Amino acid sequence: PLGTRALFIGGISLAIEPAGSAIEALAHEAARARLLVMINPNLRPALIDALTLEVDDFFNPRNQAVFQAMRNVDAKGLVLDGVTVTAELRRLGTAEAVGRGAGDEGALGYLGELQLRCPSPENVMAYVAILERHSRRRATLAIASDIVHRIRTTEMTEAEDVVQDAMGKLRKLDLRE
């Protein structure tokens, strides 16, 4: 609109196409018009929720605890930062495990390490896809392992039940795609 002096863009809007490309083009146009362009790079767990990530999609128990704490903090409407997530880890009783025995300071240190190693908001979709692919692989291996164990320990007359149960689990896994 006429008289606009600044454009503020939420990082979440850049992560999903086709909106991301359209907003990026608008930002370039605004910059050419000498408007102030600001981008908030904060991606909220609500976006990750929309991408169907679950706590157990993370292999590392420390990351599972952190993700659960982040979801809880976000659900309370609080800002996600090291202090609020560490406080939630303490409330959940997982701060010691996340901090590898160093309490809140260790948990806060691990959160800082994660911030340095996590992908940028621009790559969140690729990161989620990698997480989901590894999670699906682990779940498939667990189902296969369960099949082998159950076939070895049950009567052959029950084999059909084992197969039907496994097929149901695989269908649920397939529906998550």
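This structure is a prediction, so every number in the text was calculated from the model and none was measured. Atoms considered below: every heavy atom in the structure, side chains included; atoms not considered: hydrogens, waters and symmetry mates.
Each of Val73, Val98, Asn72 was evaluated against Leu89; a single residue qualifies, Val98, per the side chain to side chain contact (heavy atoms under 4.5 Å, CB included) test.
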Practice task
Take Arg150 and Asp165 through the salt bridge (Lys or Arg N to Asp or Glu O under 4.0 Å) test and state the conclusion after the steps.
Solution key: CA-CA 11 Å; Arg150 289 178 62 195; Asp165 183 49; 2.5 Å; yes
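Atom-to-atom distance recorded for Tyr110:OH and Thr86:OG1 is 12.5 Å, nearest 0.5 angstrom. Expressed to the nearest 0.5 Å, how far CD of Glu88 lies from CG of Asp74 amounts to 11.5 Å. Here the CZ-CD distance, from Arg90 to Glu96, works out to 10.5 Å after rounding to the nearest 0.5 Å. Atoms CZ and CD, from Arg71 and Gln68 in turn, are 6.5 Å apart once rounded to the nearest 0.5 Å. Between Leu170 atom CG and Lys172 atom NZ the span is 11.5 Å, to the nearest 0.5 Å.
The closest donor-acceptor contact from the side chain of Arg137 to the backbone of Arg133 lies at 3.5 Å or more, if one exists at all. Side-chain atoms of Thr153 come within 3.5 Å of backbone atoms of His149 as a donor-acceptor pair (strictly under, hydrogens ignored).
Lys76 has its side chain out of reach of Thr84: every pair of non-hydrogen atoms, C-beta onward, lies at least 4.5 Å apart. Side-chain contact between Arg62 and Val66 is absent, with no heavy atoms from C-beta onward closer than 4.5 Å.
In this structure, Ile143 is a member of the same hydrophobic cluster as Ile151, with clusters built from ILVMFWY side-chain heavy atoms closer than 4.5 Å. In this structure, Val83 is not a member of the same hydrophobic cluster as Leu78, with clusters built from ILVMFWY side-chain heavy atoms closer than 4.5 Å.
The nearest pair of heavy atoms linking Ala107 to Ala95 is CB-O, 3.8 Å. Leu111 and Gly82 make their closest contact through CD1-O, 3.7 Å (heavy atoms, listed as atom of the first residue, atom of the second, distance). Here the closest heavy-atom approach between residue Gln64 and residue Phe58 is recorded as NE2-O, 2.6 Å.
Salt bridge Lys169/Asp146: present, at least one basic N to carboxylate O contact under 4.0 Å.
Annotation: cation-pi pair Arg138/Phe59 absent, no NZ/CZ under 6.0 Å from the ring centroid and within 45° of its normal.
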